[in-house]
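Notes follow once the structure below has been shown.
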Amino acid sequence: MSPAGRLWERLGGRIAFGGDYNPEQWPEATWAEDVELMQAAGVNLVTVGVFSWAMLEPRPGELDFGWLDRVVDLLHEGGIAVDLATATASPPPWLAARHPESLPVTRDGVRLSTGSRQAYCPSSPAYREAAVRMATAMAERYGQHPALALWHVNNEYGAHTPACYCDVSARDFRAWLERRYGDLAALNAAWGTAFWSQRYGAWDEIQPPRLAPYSSNPVQELDFHRFSSDALLACYELEREVLGRLTPQVPVTTNFMGLFEPLDYWDWAAREDVVSHDAYPDPEDPVSHVDAALAADLMRSLRLGQPWMLMEQAASAVNWRPRNRPKRPGAMRRISLQAVARGADAIMYFQWRAARRGSERFHSAMLPHAGTRSRVHGEIRALGAELGRLAPVVGARVPAQVALLHAWDSWWGLEAPDHPSTELRLADRIRDHYRPLWDANVPIDVRPPGADLSAYRLVVVPNLYLLSAEAAAGLERYVAAGGHLLVSFFSGVVDEQDAVFAGGWPGPLREVLGLAVEEHWPLAPGETLGLRGPDGTVLGTASQWTEVVIPAGAEVVAQLAGGDLSGGPAVTRHRHGDGVATYVATRPDPDAMAALLAAACADAGVDGPPLQAPPGVEVVRRGDAVFLLNHTGEAVTVPLARSAASLLDGTRHEEAVELAPGGAEVLAEPAA
Ligand code: GLA
């Protein structure tokens with residue numbers, strides 16, 4: 001059995017339900033009540049110790065595990081399993097007092113201070129040694145404890161300190177560069193240091209891209225992103241090595257943050273036993289559930305469809321936006337069921353009991369300040385009971401025929417300065433591609449460039465600025481073998497060293513796409529052009545970006561109407577081998593984008609959803625279950641082809657499922 005499998009075996013095959021538990025913030029008299037209330041709510045797993053380092057090691061080397069022993073024992077007696085943090089997310093103040101150099105330094109040279117959290121330089125030997133000592137002590141102390149179900153390394157790596165620019169980081173950056181390039185000549189070539197007198201004659205002349213008079217070298221920036229993700233990953237790996245050695249039977253995770261720019265989660269997820277994710281969709285944003293779905297799909301995809309954990313969400317409001325609205329009644333249930341639909345086998349929260357002190361005292365919790373009779377706690381208990389009935393979906397897969405390509409290094413490169421436009425944001429562009437597919441209830445996997453794509457009927461590539469020869473060759477083979485590919489503008493512009501492809505773009509994809517882009521022609525904010533079919537049919541509008549596209553075999557599907565490039569190709573289609581490759585050289589409006597993607601899905605033979613539902617109703621198949629989530633404020637009816645039973649309460653739906661505004665249902669069997 002896989003280590004992750006052991007976690008759910010430990011939970012009796014049930015969905016994990018619980019949250020961060022910070023008993024050190026409360027008098028010991030509260031703990032027994034906590035456990036009783038957890039039991040009443042159906043909690044079976046809690047995360048303990050995330051920010052406990054200063055309580056566990058009050059002075060350097062002086063360990064005080066007594067209180068944590070009692071907490072872990074109490075939870076165990078109460079039948080609640082423990083996701084035990086290694087407690088290294090926030091070093092105690094003594095670390096900075098003894099080692100001021102362990103505090104992180106910003107790009108503009110400011111050394112950050114203590115009194116908050118995550119105040120450490122990822123490359124700091126003092127931090128790393130202290131963290132490894134702590135993780136070792138935790139593993140030695142609790143490795144055999146029967147409550148221990150999962151290791152939770154650190155917490156949200158990089159959330160506040162994604163990179164450090166101090167001298168220690170500079171030294172590690174140089175070592176990283178030496179490993180990458182071998183010698184200075186190779187570095188000088190890759191970084192293009194013939195430009196602006198940047199040539200390096202010795203390794204120690206190289207610095208992180210600190211605040212400089214003008215633009216920094218783009219490859220120095222890109223490599224520093226790579227290095228910074230790796231520096232934090234090295235911290236994780238140091239702890240993971242200890243845990244793997246001392247407790248090989250216990251699965252290990254560290255919690256991610258969805259589409260989080262600083263860390264290359266493809267690299268990270270490969271080193272975890274199970275992916276876990278913290279999701280805080282904004283209750284004030286009417287479409288935040290679409291972003292939540294996208295993040296869920298990414299989390300499921302990071303380990304090839306393996307079930308993942310929603311490690312943290314808010315029971316209601318958070319404290320960290322300028323205005324923090326509570327979740328409306330039913331919203332927390334619906335968004336939790338959405339996570340399960342999209343592959344989560346854990347629904348957890350930050351946090352169990354609302355804090356009375358500290359920066360997060362206005363953050364909601366499973367047990368709010370208002371107590372057990374509150375609306376929020378009532379919804380928590382009800383959801384706990386419902387999740388108890390969803391055991392049949394645990395371990396089940398979410399099938400997808402469409403893949404969306406995403407790469408972190410391309411993201412870092414794309415959003416760098418000194419481009420034709422600095423107004424492109426990859427997350428927005430991904431949303432432009434994701435939203436129409438979400439609306440059509442087409443399931444999506446996210447894959448990295450270079451992945452095996454043969455299982456997918458359609459591959460969507462939003463703005464893959466940086467493209468390796470290997471990834472391009474993979475895409476070519478995919479199309480030649482009959483695959484359908486849709487590539488959006490400003491893709492294939494540079495290679496892995498951010499060197500611009502010569503001879504037109506998208507560099508090594510020109511042949512597959514049957515065209516070459518000669519010039520990038522960005523549009524001003526608010527500038528909108530027409531999109532027309534070759535016969536003049538109105539297809540919609542285009543904004544943000546246009547390109548001078550020279551077809552070389554590709555057929556023009558849409559043209560620009562108006563602007564400097566009026567009449568030029570906006571969308572093209574090219575047969576290559578047994579497949580078809582579409583290029584989108586602009587940003588179509590949402591309806592035009594939806595039409596394009598619908599045509600691509602139809603062309604590629606992508607199956608429709610298991611049920612046809614009104615707009616705003618999410619339909620997801622997971623294993624044999626079909627989830628229906630009504631994200632609208634209206635009651636809706638979803639017709640059924642044949643009767644189906646509710647997994648949540650056993651109700652038999654004959655001809656249709658009626659969903660209340662914001663309501664949800666899970667059908668037990670395929671309802672096709
Ligand atoms: C993150 C952290 C938690 C807490 C929540 C608040 O997810 O991991 O410790 O600060 O945010 O929303």
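Whatever order the structure lists them in is the order used to number ligands and atoms, beginning at 1.
Looking at T47, D278, N255 one by one, the single match for side-chain hydrogen bond (donor to acceptor under 3.5 Å, both in side chains) with N155 turns out to be N255.
Note: Y142 and F65 meet the aromatic proximity criterion, with ring centroids under 6.0 Å apart. When ring centroids are compared, H289 and W438 come within the 6.0 Å threshold.
Residues passing the side-chain hydrogen bond (donor to acceptor under 3.5 Å, both in side chains) test with N154 are T88, Y120, Y127, sequence neighbours excluded. For H631, the side-chain hydrogen bond (donor to acceptor under 3.5 Å, both in side chains) partners at least two apart in sequence or on another chain are R334, E618. For R357, the side-chain hydrogen bond (donor to acceptor under 3.5 Å, both in side chains) test picks out no residue, with sequence neighbours left out.
Protein residues having at least one heavy atom under 4.0 Å from any atom of ligand 1 are F51, R117, N155, E156, D278, Y280, E312, W320, F350, E360, H363, listed by chain and number.
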